[in-house]
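So you know, we letter chains A, B, ... as the sequences are listed, proteins then strands, and number each from 1.
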2 protein chains.
Amino acid sequence: MDGAAEGEGIETVARLRAYIEGSQLTVDSRLPPERELSRALGVSRAGLRQALAVLESEGQIWRHVGKGTFIGTRPIATVSDIDAMVRRTNPAEVMRTRLLIEPEVARMAALNATPAQIAEMRACMTRSRAAATWRQYESWDNRLHRTIAEATQNALLVSLLDTLGAVRRAVAWGRLRVNKVKPEPDHHSFAEHEEIVAAIAERDRERAAETMRRHLETVERKLLGERRGA
Amino acid sequence: MDGAAEGEGIETVARLRAYIEGSQLTVDSRLPPERELSRALGVSRAGLRQALAVLESEGQIWRHVGKGTFIGTRPIATVSDIDAMVRRTNPAEVMRTRLLIEPEVARMAALNATPAQIAEMRACMTRSRAAATWRQYESWDNRLHRTIAEATQNALLVSLLDTLGAVRRAVAWGRLRVNKVKPEPDHHSFAEHEEIVAAIAERDRERAAETMRRHLETVERKLLGERRGA
DNA sequence: GCAATAACCAAAACGAGATTGGTCCCGGAG
DNA sequence: CTCCGGGACCAATCTCGTTTTGGTTATTGC
């Protein structure tokens with residue numbers, strides 16, 4: 001079984017390798033469609049596909065329907081499509097990710113925040129306290145967290161957190177907060193936000209990270225814990 | 001100057017507000033195109049656009065050519081386009097971001113890594129030691145860091161790190177490593193990788209985070225520090 | 001003058017048709 | 001009977017021309 005048949009397969013693989021080497025096809029370039037390539041190499045399309053499968057398993061090429069066959073390793077999928085990401089994650093993962101990143105962001109913000117940014121944080125808190133609806137409150141809450149992100153003075157980090165925020169908003173937790181129309185004056189976030197911004201203003205990095213961590217843990221409890229409990 | 005003319009403008013704004021309230025248009029929904037809406041409200045398109053400009057400055061709506069006019073605040077731009085991000089960041093920001101996130105990722109990996117994942121980490125290290133070219137070394141180095149990310153058991157976090165990695169590869173491109181063809185056997189990363197994986201295998205979260213931090217600091221020095229020095 | 005109308009522009013969306021990798025089925029050669 | 005080649009088909013993707021839409025400028029009418 002392995003004599004002639006496998007020999008033919010190896011022959012096709014070798015011819016394919018020679019073709020790729022011969023043509024000045026570099027990494028990431030597309031090679032001809034299967035129908036065309038099979039004619040050029042004088043093999044059947046099925047035989048060519050077997051040879052391509054070998055090279056793909058070796059990591060030499062990668063293929064995708066509608067796109068073609070490419071030289072090199074398959075490009076990784078980024079969070080370019082928020083909707084695609086939402087289908088693979090859940091609110092718990094979002095909170096774990098926030099807990100992992102945002103305390104360190106607060107620490108870095110305490111180091112680098114400008115006076116203007118600290119002033120904007122305080123303005124966000126004032127406006128969130130005065131919010132008449134949950135929607136307005138969330139708007140100012142988002143802006144507060146984004147201002148803290150901007151205070152790291154790192155554009156890449158801000159974009160990553162924006163992406164995380166987009167996933168957070170898109171992920172299906174469109175429930176909760178159906179009972180009340182607006183935040184209570186003693187809503188837990190108000191005091192916690194005060195502590196975070198105060199720590200940043202005082203340049204106390206450790207306390208900024210710690211208070212942010214406690215804040216997010218409270219949010220996590222309210223969002224996930226109470227759902228199980230109630 | 002402000003009597004009749006401004007009065008008319010306010011009148012149009014009021015009529016527009018009434019239209020939005022009246023129609024059951026919710027947040028993020030698109031309202032009719034300007035040409036159509038101006039006919040419906042019985043005002044000129046120019047007058048309507050002035051009224052729309054008022055609502056836009058208030059943050060009630062946002063507009064974009066080719067898309068339309070939408071209710072709510074303008075959606076933020078995520079890291080959907082790697083190339084666009086590359087133009088706004090630099091290698092220093094990439095390293096700062098890695099230093100902020102990846103030690104915590106290692107800490108979380110030490111908590112959640114499966115035996116199979118730890119085995120894959122060791123396989124990556126073995127293969128990176130045996131690499132014949134820098135390209136091969138980087139391939140296994142990337143895969144090692146990605147396996148550590150996967151060990152957090154958090155798909156969202158993995159995607160965010162993939163995005164970060166894509167930016168890193170795009171920004172830190174042609175330079176460095178022009179002098180040697182392959183990694184030295186005593187390359188600093190080898191021993192550092194060993195320490196990180198050992199800490200993860202021993203479930204020592206604190207040491208995993210600390211060794212990862214030291215590893216990235218070494219990479220940062222090699223990448224940025226020596227460039228300034230030499 | 002000046003505001004309304006129309007005309008034009010570039011960005012985005014839309015849609016029909018062509019491409020392309022992946023799969024299945026049938027017929028013929030060995 | 002097995003197995004390979006050919007063809008047809010499928011779904012994802014790309015391509016390209018057309019339409020829609022906000023933004024801008026010129027023209028017209030009072």
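A salt bridge between B:Glu220 and B:Arg96 is present, with a side-chain N of the basic residue lying under 4.0 Å from a carboxylate O of the acidic one. Between B:Arg39 and B:Glu34 there is no salt bridge, since none of the side-chain N atoms of the basic residue sits less than 4.0 Å from a carboxylate O of the acidic one.
In this structure, CZ of A:Arg74 is placed 13 Å from P of C:dG21, rounded to the nearest angstrom. Distance A:Gln50 CD to D:dC4 C1': 9 Å, rounded to the nearest Å. One atom, CD of A:Glu56, and another, C1' of C:dG22, lie 11 Å apart when rounded to the nearest Å. Between the CZ atom of B:Phe70 and the C1' atom of C:dA13 there is a distance of 10 Å, given to the nearest Å. Across the protein-nucleic acid pair, B:Trp62 atom CH2 and D:dT21 atom C1' stand 12 Å apart, rounded to whole Å. If you measure from atom NZ of B:Lys67 to atom P of D:dG22, you get 12 Å, rounded to the nearest angstrom. Whole-Å rounding puts the B:Ile61 CD1 to D:dG22 C1' distance at 11 Å. One can place CG of B:Leu37 at 12 Å from P of D:dT21, the figure rounded to the nearest angstrom.
Checking the phosphate oxygens (OP1, OP2) of C:dG21, a side-chain nitrogen or oxygen of A:Thr69 falls inside 4.0 Å. Dashed line: the shortest gap from a side-chain N or O of B:Arg30 to OP1 or OP2 of D:dT21 is under 4.0 Å. The shortest distance between the side-chain N/O atoms of A:His64 and the OP1/OP2 oxygens of D:dA12 is not below 4.0 Å. Note on B:Arg63: a side-chain N or O is less than 4.0 Å away from OP1 or OP2 of D:dG23.
Between A:Phe70 and A:Trp62, the ring planes lie parallel to each other; the angle is under 30°, not in the 30° to 60° tilted range. Using a 30° and 60° split on the angle between ring planes, B:His215 and B:His145 fall in the parallel class, below 30°.
Nearest to the side-chain atoms of A:Pro33 among the listed nucleotides D:dC14, D:dT24, C:dG21 stands C:dG21. Of the listed nucleotides (D:dA12, D:dG23, C:dT5), C:dT5 has the atom at the smallest distance from the side chain of B:Ser44. Comparing atom distances between the A:Arg45 side chain and each of C:dT5, D:dA8, D:dG22 picks out D:dA8 as nearest.
Minimum heavy-atom separation, B:Ile200 to B:Ala109: CG2-O, 3.9 Å.
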